[in-house]
**Student:** 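One structure coming up, written as structure tokens, with questions to follow.
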2 protein chains.
Amino acid sequence: MRYRKIPDETIRRLPVYLRGVLHLSEQGMESVSSRKLGGLVGVPPWLIRKDFSYFGDFGTPGIGYGIKTLIKQISKILRLDVMHEAAVVGVGNVGSALLSYSGFGIYGFRISAAFDVDKRKVGKVRSGVKIEDVSTLRGVKKRGIRLGIIAVPAAVAQQVADEMVEAGIIGILNFSPRYITVPKKVKVITIDIGMDLARLPYYLPCG
Amino acid sequence: MRYRKIPDETIRRLPVYLRGVLHLSEQGMESVSSRKLGGLVGVPPWLIRKDFSYFGDFGTPGIGYGIKTLIKQISKILRLDVMHEAAVVGVGNVGSALLSYSGFGIYGFRISAAFDVDKRKVGKVRSGVKIEDVSTLRGVKKRGIRLGIIAVPAAVAQQVADEMVEAGIIGILNFSPRYITVPKKVKVITIDIGMDLARLPYYLPCG
DNA sequence: CAGTGTGAACAGTTTCACAGCA
DNA sequence: TGCTGTGAAACTGTTCACACTG
């Protein structure tokens, strides 16, 4: 089934698989079946096999998938094998939490710059990163930063996004509760916990 | 097209529409066309019409949709018209950020309880909520809390989830980077920023 | 024989075109 | 005329069954 378009949903599941096999790798395992991996990460075995089949023959019939192979291949597909630097704009509650979040590391990510408008914050250090004035944002291009994280109030989110695009950012993770519009060469992923929380009651039994 | 099963994807978009019409309502508007709303929230007009059509005839041909009607109907469908109380477990960086996040309000949500294992935190107040010892979690049922928020390290996430289920929680928002398994009567939504960030590089141009 | 890889059937979602209404 | 509501077509993703392989 090679040479076919890869579903977005498959891409969405790859990080899930990666985390699962990293976990198994830490425990010293060398191979895993689709059934076992599925049990670990909550995805049915046939879907795992289908997903992996888009990228070639990862597995060995009768045995399963080599864990080292999986880690290497998935990382490569997701382009996590090179280090990515990200800049966060807005060092409030959300921005601070992100700076201290350790989960980025295993995906080859690092927040290496932080910006804020608040003069009192500028110059201080949070989680080892110096806070800079937001007016100097366009300097990030020279520092090799291509990813931006928006952690500012909704009212200024679009403005920050525009500045990021101008500064050469090509991928944005948006934590503000606003849809933002950017040129289509720029990829935006919006994370809005309010949206997710609002969906929850619908699925609950009783009124 | 009434009386048909409502797609999950439609439910996912309802909070997006709601936020859009709330925004328009604040600006004093009384009605909006699918084209205009679509431009605001980033969804194509025909999809908006299709989504709304699952719930009956919201709109008026030639005019559009009444904004007050939309707010009332969407809130009712999502069951946001009643106040929901939530309890957060883990008052670290993520937990603290959630406690101070003001976005829950417009969806009729409130975090009215907070729990932690750290004795030094217990008894203190964050964003107006007193931090309680996690061992008293099962008391939340009596207080009418049915939603739980997991904001603890990955290693103890499953344990906390089990305790939540035992405490009568029927909806869980999971902020830990772990899939958790619960009885199927319980609905879980997992938010994992690492997963989203890991997806981003795949969509970026150049290597 | 256990477990992968995959074509084909199935299910869910989006897009389109247009009838019908204010 | 402008806009909604919707069946049908097109598309995307999931499930299944089983041939095949180490």
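We use all heavy atoms of the structure for the numbers below, so side chains are in, but hydrogens, waters and symmetry mates are not.
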**Student:** Let me spell it out: for each of A:D51 and A:I63, pick the nucleotide of DNA chain D with the closest heavy atom. Which residue's pick is nearer the 5' end?
**Tutor:**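 The residue closer to the strand's 5' end, by nearest nucleotide, is A:D51.
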**Student:** Answer whether the closest heavy-atom distance between the side chains of B:I131 and B:R126 falls below 4.5 Å.
**Tutor:** yes
**Student:** Please determine, for the side chain of B:S53, which listed nucleotide (D:dT4, D:dT6, D:dT15) has the closest atom?
**Tutor:** D:dT6
**Student:** Nearest to the side chain of A:P7 - D:dG13, D:dC16, C:dA22?
**Tutor:**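 My answer, after comparing the listed nucleotides, is D:dG13.
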**Student:** So if I take every side-chain heavy atom of A:R13 and compare against D:dT14, C:dT6, D:dT4, which nucleotide ends up nearest?
**Tutor:** D:dT14
**Student:** How do A:L47 and A:G62 order along DNA chain D: which one's closest nucleotide is nearer the 5' end?
**Tutor:** A:L47
**Student:** Taking the six-membered ring for Trp, are B:F52 and B:F58 closer than 6.0 Å centroid to centroid?
**Tutor:**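 Yes.
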**Student:** Considering only C:dT4, C:dT15, D:dT4, which nucleotide approaches the side chain of B:R49 most closely?
**Tutor:** D:dT4
**Student:** Has the side chain of A:K50 got a donor or acceptor that lies under 3.5 Å from a partner of the other kind on the base of C:dG7?
**Tutor:**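 Check passes, donor-acceptor contact within cut-off.
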**Student:** Consider the side chain of A:P61, meaning its heavy atoms from C-beta on, and name the nucleotide among D:dC3, C:dG3, D:dG13 that approaches it most closely.
**Tutor:**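 Nucleotide nearest to A:P61's side chain: C:dG3.
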**Student:** A:D8 and B:Y203: side-chain donor and acceptor closer than 3.5 Å?
**Tutor:** yes
**Student:** When you measure from the side chain of B:H84 to the backbone N and O of B:I145, does any donor-acceptor pair fall under 3.5 Å?
**Tutor:** no
